[in-house]
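Data block below; observations after.
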Protein chains: 2
Amino acid sequence: MTIESTPAPATIEEVAAAAGVSRSTVSRVVNGSTSVSPAALDAVRSAIERLNYVPNRAARSLASRQTHAIALVVPEDTTRFFGDPFFAAIVSGINARISRSDYVLNLFIASDDAGDKTTSYVRSGAVDGAIVVSHHTSDTFIERIAAAVPVVYGGRPVRERERDHYVDVDNLAGGRAATQYLIDRGHRRIATITGPRTMPAGVDRLEGYHEALAAAGLPEGAVEDGGFTADGGAAAMRRILAAGDRPDAIFVASDLMARGALSVLAAAGLRVPEDVAIIGFDDSPVATSVFPSLTTMRQPSFAQGERMADMLLELLAGRDAERITILETELVVRDSA
Amino acid sequence: MTIESTPAPATIEEVAAAAGVSRSTVSRVVNGSTSVSPAALDAVRSAIERLNYVPNRAARSLASRQTHAIALVVPEDTTRFFGDPFFAAIVSGINARISRSDYVLNLFIASDDAGDKTTSYVRSGAVDGAIVVSHHTSDTFIERIAAAVPVVYGGRPVRERERDHYVDVDNLAGGRAATQYLIDRGHRRIATITGPRTMPAGVDRLEGYHEALAAAGLPEGAVEDGGFTADGGAAAMRRILAAGDRPDAIFVASDLMARGALSVLAAAGLRVPEDVAIIGFDDSPVATSVFPSLTTMRQPSFAQGERMADMLLELLAGRDAERITILETELVVRDSA
DNA sequence: ATGAAAGCGCTAACAA
DNA sequence: TTGTTAGCGCTTTCAT
């Protein structure tokens with residue numbers, strides 16, 4: 001069979017006729033204008049009910065130049081998107097906030113199409129604004145999106161401009177605190193497994209590591225990029241072990257990478273934390289699902305998502321919005337360090 | 001600051017003027033009509049390039065009564081959506097297929113808003129069709145969606161109708177094969193942890209379990225609902241142990257539930273597979289991330305997603321589409337049974 | 001191969 | 001408070 005034919009949906013014209021009023025009055029009722037008489041209000045409402053009327057979105061947005069839709073742009077592939085609990089948390093936060101509004105969310109897992117479809121979608125006026133969740137130096141299409149609609153970034157933008165809005169976690173302080181904790185526990189040969197240097201979160205956490213070490217007058221340890229994935233973390237761990245001169249502690253810039261590192265350590269017969277102490281970053285569900293459970297820096301990803309949505313909603317309402325929000329991290333001590 | 005003002009995007013009218021042709025000709029070029037002279041084609045193309053023109057989606061869809069958008073409806077909460085690798089696989093498949101088309105995907109994690117926003121979005125003509133990924137007896141809003149646009153279901157619909165299109169896995173045969181494997185290995189007291197009975201996948205796998213047992217002349221074992229979550233699986237496992245009369249094998253209808261069951265078994269000091277053999281369902285990444293690794297029924301979720309998207313695209317193209325596709329499962333033997 | 005003209009269903013001044 | 005009147009930017013007959 002082919003497409004089933006459903007009766008054409010009622011139009012505003014039909015509702016107006018049924019209610020014995022003009023299109024404008026129906027429009028007013030639909031859009032919640034106050035200047036409608038109780039009688040008209042009733043008539044229109046019942047006509048809407050009776051005809052099962054739903055305003056046509058295209059027509060509405062063509063006339064009003066608003067779509068009441070927001071693009072959620074994730075410049076990652078689906079594997080990373082679904083594989084990293086960080087996205088689950090932040091998207092849940094965004095979704096929770098948007099659900100309470102009358103906006104809808106259009107998700108773009110955008111690395112798959114190199115961003116082109118996403119860009120023209122946004123530029124075609126299909127959304128009123130965009131939230132960009134994770135982005136890399138190479139994601140230049142983001143700039144064309146930002147030129148078309150208001151954007152709120154998750155994390156400090158790659159090339160920050162004066163008017164960028166974003167919600168970030170204090171990655172610098174987080175990296176510093178994590179490293180400091182290891183120092184305080186008496187460790188002296190401290191390595192780090194970093195996120196990609198093309199991402200601000202990767203850069204900032206590494207910078208925090210450097211600062212803590214410098215402040216304590218300690219030498220820099222091995223620095224390996226784990227790409228924010230479990231496999232990358234495992235590979236980085238292997239490189240560190242292969243280099244000899246084993247560290248006695250490692251600051252791993254995400255829990256997922258820490259999981260990878262942990263498995264390599266276990267395979268190498270090294271005990272955590274006795275031989276090598278590990279501290280992660282995120283406090284995502286993986287932190288408690290590995291053995292030993294991870295000491296880690298908690299970051300409030302759900303709240304970050306909510307705040308991002310909040311910020312964009314403010315912007316779209318034409319209200320002044322705080323341009324930057326920085327959320328704090330918090331040390332969570334468990335068994336790995 | 002408030003919304004930044006970007007120059008109003010170029011309209012078809014402006015492109016037409018710049019190219020020295022009529023709106024119609026520009027429209028023809030944009031929509032790939034053949035009846036355009038090479039000269040006009042060139043002029044229009046360069047004007048489009050020059051003016052950075054992107055057609056307005058609302059206007060286009062209002063005039064053409066097509067949106068080139070597809071709703072992906074997931075009647076689950078975000079926790080389950082991100083927590084179950086099954087969704088990762090099926091959504092990846094859908095996304096992969098849609099990416100290759102000129103449609104875009106609008107994701108609705110719909111249990112959060114009770115489906116009302118989703119329903120009116122769909123009924124407002126915002127999408128041409130919908131893919132419904134996981135649905136329960138209680139999700140009645142799906143029917144209103146199906147009344148408005150063509151729908152392809154993932155899994156047999158709750159209330160199947162003559163004209164429903166869907167892509168399912170052969171859950172009946174899968175449940176049967178899993179149970180049969182346990183029987184073949186010499187197990188005689190076989191319990192099962194099921195998915196929700198409100199979901200066809202839950203019902204069908206249980207039915208397969210019953211059939212295999214009956215065919216072998218074996219009595220039915222404990223049957224507990226694990227709700228397709230890890231926690232639910234753990235709770236179900238606890239109930240089975242608490243009931244006494246320990247089974248020697250369990251067919252667990254999803255890998256995630258098996259993970260929960262495994263942790264309870266470990267805590268109870270029971271060895272897998274020596275004391276209790278476990279077979280899962282899915283062959284998702286969790287199957288190899290637990291100890292012992294899971295013997296399980298592999299289901300081709302990515303392919304299922306691709307096929308669903310394919311089917312809907314066929315329908316939207318007005319072509320005849322196969323109404324039902326059933327994909328086979330496959331036994332994967334590892335360490336847990 | 002091309003253009004003119006008529007809408008698609010709605011919102012938003014403006015008048016009344 | 002209500003209705004009238006113009007569009008919003010595009011597609012799509014229908015002529016030519």
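Each chain gets a letter, A, B and so on, in the order its sequence line appears, and its residues count up from 1.
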Walk along DNA chain D from 5' to 3' and tell me the first and last nucleotide with an atom closer than 4.0 Å to a non-hydrogen atom of chain B. dG9(D) to dT12(D)
State whether the side chain of Ser33(A) and the backbone N or O of Val29(A) hold a donor-acceptor pair below 3.5 Å, judged by distance alone. no
Backbone N or O of Ser101(A) within a donor-acceptor pair of the Lys117(B) side chain at under 3.5 Å?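 Checking the backbone N and O of Ser101(A) against the side chain of Lys117(B), a donor-acceptor pair under 3.5 Å is found.
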Between Phe82(B) and Phe81(A), what is the ring plane arrangement, given parallel below 30°, perpendicular above 60°, and tilted in between? perpendicular
Under the 3.5 Å rule, do the base of dA12(C) and the side chain of Ser24(A) count as making a donor-acceptor pair?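 Donor-acceptor pair under 3.5 Å: yes.
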Going by ring-ring contact (aromatic ring centres under 6.0 Å, His included), name the pairs with one or both residues in residues 12-38 of chain A, residues two or more places apart or in two chains. none
Strand contacts (DNA chain C) in residues 44-59 of chain A, 4.0 angstrom heavy-atom criterion: Tyr53(A), Pro55(A), Asn56(A), Ala59(A)
Would you jot down, in residue-number order, the residues of residues 31-42 of chain A having a non-hydrogen atom under 4.0 Å from DNA chain C?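 Close to the strand are Asn31(A).
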With a 4.0 Å cut-off on N to O distance, would you call Asp164(A) and Arg161(A) a salt bridge?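 The answer is yes: the pair qualifies as a salt bridge.
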Side-chain H-bond candidate by donor/acceptor type, Glu322(B) with His165(B), under 3.5 Å: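 Short answer, no.
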Under a plain distance cut-off of 3.5 Å, with no hydrogens placed, do Ser92(A) and Thr78(B) share a side-chain donor-acceptor pair?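 There is such a pair (donor and acceptor under 3.5 Å, judged by atom type) between the side chains of Thr78(B) and Ser92(A).
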Once you round it to whole Å, what is the distance between [atom2] of [N] and [atom1] of [X]?
X	N	atom1	atom2	answer
Leu62(A)	dT11(C)	CG	C1'	10 Å
Arg65(B)	dC8(C)	CZ	C1'	6 Å
Glu14(A)	dG9(C)	CD	P	8 Å

[N] phosphate, OP1 or OP2: any side-chain N/O from [X] under 4.0 angstrom?
X	N	result
Thr25(B)	dA1(C)	no
Arg60(A)	dT11(C)	yes
Ser64(A)	dT11(C)	no

Shorter than 3.5 Å, N or O on both sides, protein versus nucleotides 14-16 of chain C: list them out with atom names.
none

If a pair satisfies side chain to side chain donor-acceptor pair (under 3.5 Å) and one of its residues is in residues 53-62 of chain A, list it, with sequence neighbours excluded.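 Pairs touching residues 53-62 of chain A that pass the test: Asn31(A)-Arg60(A).
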Per the side chain to side chain donor-acceptor pair (under 3.5 Å) rule, what does the pair list look like for residues 145-156 of chain A, sequence neighbours excluded?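 Counting only pairs at least two positions apart or across chains, the side chain to side chain donor-acceptor pair (under 3.5 Å) contacts touching residues 145-156 of chain A are Arg156(A)-Asp204(A).
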Apply salt bridge (Lys or Arg N to Asp or Glu O under 4.0 Å) to residues Glu314(A) and Arg319(A) and explain how you reach the verdict. CA-CA 5 Å; Glu314(A) 290 281 300; Arg319(A) 269 180 254 125; 2.5 Å; yes
Which is true for Val21(A) with a 4.0 Å heavy-atom rule: it touches a base, it touches only sugar-phosphate, or it touches nothing?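 Result for Val21(A) = sugar-phosphate.
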By side chain to side chain donor-acceptor pair (under 3.5 Å), which residues pair with Ser24(A), not counting sequence neighbours?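 For Ser24(A) there are no side chain to side chain donor-acceptor pair (under 3.5 Å) partners, ignoring immediate neighbours.
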Contacts of type side chain to side chain donor-acceptor pair (under 3.5 Å), residue Thr11(B), not counting sequence neighbours: none
Restricting to side chain to side chain contact (heavy atoms under 4.5 Å, CB included), what partner residues turn up for Asp128(B), sequence neighbours left out? Gln66(B), Thr67(B), Tyr103(B), Leu316(B)
Which angle, rounded to 10°, do you find between the first-five-pair axis and the last-five-pair axis of the helix from dA1(C)-dT16(D) to dA16(C)-dT1(D)?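 Overall, the helix from dA1(C)-dT16(D) to dA16(C)-dT1(D) bends by 30° from one end axis to the other.
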Would you give me the side-chain donor-acceptor pairs under 3.5 Å for residues 37-47 of chain A, sequence neighbours excluded?
from: Ser37(A); atom 1: OG; to: Ala40(A); atom 2: N; distance (Å): 3.2
from: Ser46(A); atom 1: OG; to: Ala43(A); atom 2: O; distance (Å): 3.4
from: Ser46(A); atom 1: OG; to: Arg50(A); atom 2: NH2; distance (Å): 3.4

Evaluate ring-ring contact (aromatic ring centres under 6.0 Å, His included) for Phe86(B) paired with Phe302(B), printing each intermediate quantity in order. CA-CA 9 Å; Phe86(B) 166 73; Phe302(B) 186 93; over 10 Å; no
In this structure, CG of Asp139(B) is separated from CD of Glu76(B) (nearest 0.5 Å) by 8.0 Å
